[in-house]
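Data first, discussion second: the structure below is written as structure tokens.
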Amino acid sequence: MGILSVDLFITLDGVYQAPGGPDEDREGGFNFGGWQGAYFDDETGAVIGAGIDRMDALLLGRKTYDIFAAFWPTRGDDDPIAVTFNALPKFVVSRSLTDPAWEGTTALSDVAEVAALKDRFDDIHVIGSGDLVRSLLEADLVDRLNLFLYPLTLGSGKRLFADGTVVPAAFRFAEPPQAFPKGAISLAYERAGAPVTGIDISQQ
């Protein structure tokens, strides 16, 4: 059985909204879009690229899908990320999208359909798609979190871990953390069963 990996760029205060550009997602009056670029360096790009090379299927929520579908098919064959994304089997969870235009895309009407994908693919990646990620966490379908943590706080914006949207879960490092020259950190976690609670630290 394959695994479902979540790739997410996130601030110290948990905001994932619009890292890539000022107009990427202004929902809720968000005016801080494009916060990732100041911290991008070659080393970060290499790790992100290696993650893209590992995936054999791409799973997206509707909002991120619309952004990707409008951008990546227009890129030329000299862009290796575009070549990978355009060739990969793609899945979008949406109740309203029934005939996706991006070649190689299948629409799923419900998060429950995602579980069956693990029988077909080795490493399915979700990129961005915060609403979908929260639903996947709530359904206990996430096997790995690939978080790129950036050294800033924004105080507002969409946050990954909203109250009541995840099941109790423990994680362990899937690989050692990696720090990058401009201050970002790569944190890769895999599921490690249920959290251990009820310990009185003073008795340790």
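- A salt bridge is absent between D131 and R62: the closest approach of a Lys/Arg side-chain nitrogen to an acidic carboxylate oxygen does not fall below 4.0 angstrom.
- Contact between F121 and P89 at its shortest, heavy atoms only, is CE2-CG, 3.8 Å.
- The CG atom of L154 sits 8.5 Å away from atom CZ of R159, with the distance rounded to the nearest 0.5 Å.
- For the atom pair CG (L8) and CG (N146), the distance works out to 10.0 Å, reported to the nearest 0.5 Å.
- Shown here is D53, whose CG atom has more than 12 heavy atoms of other residues, nucleotides or ligands within 6.0 Å.
- In this structure, I81 and W72 have side chains that are in contact, with non-hydrogen atoms separated by less than 4.5 Å.
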Residues L58, L60; criterion side-chain contact (heavy atoms from CB on, under 4.5 Å); working and verdict: CA-CA 7 Å; L58 180 61; L60 301 170; 4.0 Å; yes
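- Between V15 and K158, the closest side-chain pair of non-hydrogen atoms is not below 4.5 Å.
- Put simply, the side chain of R26 never gets that close to the backbone of G33: no donor and acceptor are under 3.5 Å apart.
- To the nearest 0.5 Å, atoms CD1 (I10) and CZ (F148) are separated by 12.5 Å.
- Crowding of D42 atom CG: a count of heavy atoms from other residues, nucleotides or ligands under 6.0 Å not exceeding 12.
- Residue F180 holds its CZ atom at 8.0 Å from CD of E43, rounded to the nearest 0.5 Å.
- Here L97 contributes atom CG and D66 contributes atom CG; the two are 7.0 Å apart, rounded to the nearest 0.5 Å.
- Between Y65 and W102, the ring planes are tilted. Angles from 30° to 60° get that label.
- Looking at E27 and K63, a side-chain N of the basic residue comes within less than 4.0 Å of a carboxylate O on the acidic one, giving a salt bridge.
- What you find for D13 and T153 is that their closest heavy atoms are OD1-CA, 3.5 Å.
- Here Y39 pairs with nothing under the ring pair (Phe, Tyr, Trp, His ring centres under 6.0 Å) rule; sequence neighbours left out.
- L152 and I185 fall into different hydrophobic clusters, where Ile, Leu, Val, Met, Phe, Trp and Tyr side chains are chained together by heavy-atom contacts under 4.5 Å.
- Distance CD1/I124 to CG/L88: 11.5 Å, rounded to 0.5 Å.
- Shown here for G61 and L132, the closest heavy-atom pair between the two residues is N-CD2, 3.4 Å.
- The nearest pair of heavy atoms linking A174 to R144 is CB-NH1, 3.5 Å.
- With D110 contributing its side chain and E113 its backbone, the two residues share no donor-acceptor pair below 3.5 Å.
- At least one donor-acceptor pair closer than 3.5 Å links the side chain of E24 to the backbone N or O of G21.
- F32 places none of its side-chain heavy atoms less than 4.5 Å from the side chain of P22.
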side-chain contact (heavy atoms from CB on, under 4.5 Å) between Y150 and T44, intermediate numbers included: CA-CA 11 Å; Y150 289 82; T44 310; 4.0 Å; yes
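- A heavy-atom distance below 4.5 Å is found between the side chains of L12 and L149.
- Under the 3.5 Å distance criterion, the side-chain polar atoms of R191 are matched with a main-chain donor or acceptor of G193.
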F85/M55 under side-chain contact (heavy atoms from CB on, under 4.5 Å): CA gap, chis, key distance, verdict: CA-CA 10 Å; F85 283 165; M55 66 179 71; 4.0 Å; yes
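- Residues satisfying the ring pair (Phe, Tyr, Trp, His ring centres under 6.0 Å) criterion with Y16, sequence neighbours excluded, are absent altogether.
- Side-chain contact between V93 and V114 is present, with heavy atoms from C-beta onward closer than 4.5 Å.
- Checked by atom type and distance alone, the side chain of D56 pairs as donor or acceptor with a backbone atom of D123 at under 3.5 Å.
- Side-chain atoms of E190 do not come within 3.5 Å of backbone N or O of L145 as any donor-acceptor pair.
- Every residue was checked against the ring pair (Phe, Tyr, Trp, His ring centres under 6.0 Å) condition with F171, not counting sequence neighbours, and none meets it.
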Test salt bridge (charged side-chain N to carboxylate O under 4.0 Å, His left out) applied to D122 and R54, step by step: CA-CA 9 Å; D122 292 327; R54 284 197 304 269; over 6 Å; no
Chi angles and distances behind the side-chain hydrogen bond (donor to acceptor under 3.5 Å, both in side chains) call for S5, D143: CA-CA 6 Å; S5 300; D143 301 294; over 6 Å; no
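- The main-chain N or O of L141 is found under 3.5 Å from a side-chain atom of K118 such that the two form a donor-acceptor pair.
- L160 is not connected to F9 by any chain of hydrophobic side-chain contacts under 4.5 Å among Ile, Leu, Val, Met, Phe, Trp and Tyr, and they are in different clusters.
- Each of I3 and L137 belongs to its own hydrophobic cluster when Ile, Leu, Val, Met, Phe, Trp and Tyr are linked at side-chain heavy-atom distances under 4.5 angstrom.
- Between the side chain of N86 and the main chain of A82, a donor-acceptor pair closer than 3.5 Å is present.
- Between L136 and L4, some side-chain heavy-atom pair lies under the 4.5 Å cut-off.
- The two residues A57 and F91 make their nearest non-hydrogen contact at CB-CE1, 4.3 Å.
- Just one residue in the list V6, I127, V126, T64 forms a side chain to side chain contact (heavy atoms under 4.5 Å, CB included) with L59, and that residue is V126.
- At least one side-chain heavy atom of T11 sits under 4.5 Å from a side-chain heavy atom of W35.
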Evaluation steps, side-chain contact (heavy atoms from CB on, under 4.5 Å), between F40 and I48: CA-CA 11 Å; F40 192 82; I48 293 171; 4.2 Å; yes
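- Annotation for A188 and E175: closest pair CB-CG, 3.6 Å, computed over non-hydrogen atoms.
- Looking only at distances, no side-chain donor or acceptor of S129 sits under 3.5 Å from a matching main-chain atom of V133.
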